[in-house]
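Residue indices begin at 1 and follow the sequence shown.
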Amino acid sequence: MEIIMFIIFIVTNLFIILCMQFAYTHAYKYENGMYLNVHIPSSHKEDAEVTEIVTTGKRKMKHFQIANVIISIAICFIVFINIAVFVLVYIVWMFAYIFGIIHIPNNSHRKMYALKKQNGWIIEAQRKKVYIDTRVSAEAGATTVSYKWHALFLITELAAYIPYFMLGDTHYNILIISLFLCSVLISTLSLVFHAFINKSERHVYSMDSKLNLIVNNTMKRYKSIAMLLLSGLNAVAWIYVALYTGITGILPASSYYVYIFIQLIAVLGFIVPIYMGLNRKKELLSANTSPIDVDDDEYWKTGYYYNPDDKHILIENRMQSGNYTFNYAKKGAWIFTGITCAIIAGCIILVFVCMLPLINIQEKITLTNNNLTISAGGYTSEIDVNDITELKLLDELPDDSFLRTNGASTDSYDIGRYEGRTLGKCSLYVFDGYSPILMIKSDDTLVFVNSKEDGEIEKLYVELSQ
């Protein structure tokens with residue numbers, strides 16, 4: 001398991017860093033009259049002050065990315081030492097990386113904007129102007145790739161879940177429902193975003209209306225394909241798990257690995273068309289003989305979009321290629337961001353609370369006044385000795401399909417709440433490679449426990465049998 005996790009996380013980390021490289025480093029090139037997303041007159045783009053900011057920012061970004069490639073790989077080796085520690089360190093690294101990848105270019109952007117203001121490189125004739133191309137606006141909502149295809153994916157995802165719902169098989173219910181809801185959420189968001197693209201992709205780049213129409217339709221097509229690939233492959237990942245589990249009656253770890261692999265392909269299927277579309281857009285606009293220049297840097301001066309006069313709450317993010325951002329002059333943007341941050345913070349706190357007891361698991365077994373208490377890793381089971389109906393020493397766990405419902409499972413231990421297909425709900429306090437395992441059963445409790453200490457379980461068996 002550790003080897004598989006090691007490989008998955010290394011691939012995922014490098015993939016994330018590569019995506020961020022693509023999204024954030026374009027700004028260090030002089031494109032569309034801008035450096036670091038700040039409009040700089042072409043006559044001043046080679047000024048020493050300008051090139052110093054660009055060069056310094058680019059160097060910091062390069063060093064930051066190289067450092068995080070090394071750190072992200074080094075972190076993955078912790079999985080061989082302690083998975084709980086790895087999860088906590090990984091979360092800390094991920095948020096530090098997110099902060100850095102946003103802060104470094106934004107800091108350079110602010111310096112460039114301050115330099116522009118200081119030198120008065122603002123062309124009033126281009127400031128705060130709004131251009132509308134009626135031909136392009138008339139095409140809003142039209143696309144060569146319909147967003148209705150997402151409905152087919154959603155129907156297929158629902159159909160794959162119906163047998164579990166109809167048969168009432170609760171053995172894998174929690175995991176199946178979780179994967180099903182995640183799949184539906186991704187496909188639904190893809191549908192909504194696809195429809196949004198059809199309506200919002202109506203930018204004016206040139207006085208040539210035909211060129212505007214071509215560029216907008218080109219970006220619609222590539223973005224639509226990206227959304228469909230993401231939604232479709234996401235559906236395939238879920239349907240694979242649903243069919244495999246339904247046919248075989250088991251949900252092995254290999255199914256998760258296949259699921260994750262397909263989802264990574266889905267992300268790649270999303271990114272590649274976006275990248276191709278941006279390159280095609282650049283190619284089309286390179287032949288633009290009558291470009292339209294609008295100096296709206298004032299709305300982006302902090303690195304975030306703030307425009308009270310813009311009625312839109314979601315707009316294309318010029319700070320990150322192919323991405324969208326909120327207009328933080330709108331209350332709804334702050335509300336959505338606040339709720340999202342609160343949910344993420346809550347999830348992080350929950351992960352830390354759950355993982356900290358698993359860093360160094362110490363099993364504790366106490367028997368006092370006919371009350372047996374077993375605890376490990378933050379999980380506890382209490383059994384009245386008088387209610388015990390069956391005791392049995394086993395060389396290994398029964399041959400059953402155990403599903404973890406609330407606990408921790410690694411190659412070293414299985415701790416917490418589980419559900420066996422035939423045995424039903426139970427609690428496991430089992431360290432791999434140690435025997436015997438004591439099965440303790442009462443009317444409403446089933447516990448499997450062993451110990452790393454020689455003779456402790458045999459001693460407990462004797463005490464409970466008396």
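Few gaps surround OH on Tyr30; more than 12 heavy atoms of other groups in view lie less than 6.0 Å from it. Within 6.0 Å of CZ on Phe352 lie more than 12 heavy atoms contributed by other residues, nucleotides or ligands.
Side chain of Ser72 to main chain of Val69: a donor-acceptor pair is present (N/O by atom type, distance under 3.5 Å, no hydrogens or angles). At least one donor-acceptor pair closer than 3.5 Å links the side chain of Asn450 to the backbone N or O of Phe431. Between the side chain of Asn327 and the backbone N or O of Asn307, at least one donor-acceptor pair lies under 3.5 Å. Formation of a donor-acceptor pair under 3.5 Å by the Trp149 side chain with backbone atoms of Leu228 is not found in this model. No donor-acceptor distance shorter than 3.5 angstrom exists from the side chain of Asp297 to the backbone of Val38, with no hydrogens or angles considered. Asn68 places a side-chain N or O within 3.5 Å of a backbone atom of Phe64 that can act as its donor or acceptor partner. At distances below 3.5 Å, not a single donor-acceptor pair connects side-chain atoms of Thr389 with backbone N or O atoms of Asp443. The backbone N or O of Ile17 sits less than 3.5 Å from a side-chain atom of Gln65, completing a donor-acceptor pair.
Ile8 has its side chain within reach of Tyr257: a pair of non-hydrogen atoms, C-beta onward, lies under 4.5 Å apart. Looking only at side-chain heavy atoms (C-beta outward), Met112 and Val50 come within less than 4.5 Å of each other. Asp395 is not listed as a side-chain neighbour of Ile437, based on a closest heavy-atom distance of 4.5 Å or more. Two residues are said to be in side-chain contact when any heavy atoms from C-beta on lie closer than 4.5 Å; Thr325 and Trp300 meet this criterion. Counting heavy atoms from C-beta on, the side chains of Val449 and Val430 never come closer than 4.5 Å. By the 4.5 Å heavy-atom criterion applied to side chains, Asn13 and Cys76 are counted as neighbours. Two residues are said to be in side-chain contact when any heavy atoms from C-beta on lie closer than 4.5 Å; Asn234 and Gln263 meet this criterion. By the 4.5 Å heavy-atom criterion applied to side chains, Tyr418 and Asn406 are not counted as neighbours.
Contact check on Lys111 versus Glu52 returns no salt bridge, with no Lys/Arg side-chain nitrogen under 4.0 Å from an Asp/Glu carboxylate oxygen. In this structure, Glu390 pairs ionically with Lys392, as a charged nitrogen and a carboxylate oxygen lie closer than 4.0 Å. Note on Glu283 versus Arg280: salt bridge recorded, some NZ/NE/NH1/NH2 to OD/OE distance being below 4.0 Å. Note on Glu31 versus Lys282: salt bridge recorded, some NZ/NE/NH1/NH2 to OD/OE distance being below 4.0 Å.
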Carefully, step by step, assess Tyr259 and Tyr240 under the rule ring pair (Phe, Tyr, Trp, His ring centres under 6.0 Å).
CA-CA 7 Å; Tyr259 177 84; Tyr240 166 79; 8.8 Å; no
Begin with the C-alpha distance, continue with both residues' side-chain angles, and end with the deciding distance and a verdict on ring pair (Phe, Tyr, Trp, His ring centres under 6.0 Å) for Phe86 and Phe9.
CA-CA 11 Å; Phe86 164 73; Phe9 276 96; 4.9 Å; yes
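Remark: the Tyr299 side chain and the Asp310 side chain contain no N/O donor-acceptor pair separated by less than 3.5 Å. Side-chain contact check for Glu157 and Tyr161: no donor-acceptor pair (N or O, by modelled atom type) lies under 3.5 Å.
Between the CG atom of Asn198 and the CG atom of Asn217 there is a distance of 10.0 Å, given to the nearest 0.5 Å. Leu372 CG to Ile383 CD1: the interatomic distance, rounded to the nearest 0.5 Å, is 5.0 Å. Atom CG of Leu191 and atom CD1 of Ile186 lie 14.0 Å apart (nearest 0.5 Å). Between atom NE2 of residue His312 and atom CZ of residue Phe326 there is a gap of 14.0 Å, rounded to the nearest 0.5 Å.
Across every non-hydrogen atom of His109 and Asn37, the tightest pair is CE1-O, 3.6 Å. Between Tyr328 and Trp334 the shortest heavy-atom distance is O-NE1, 2.7 Å.
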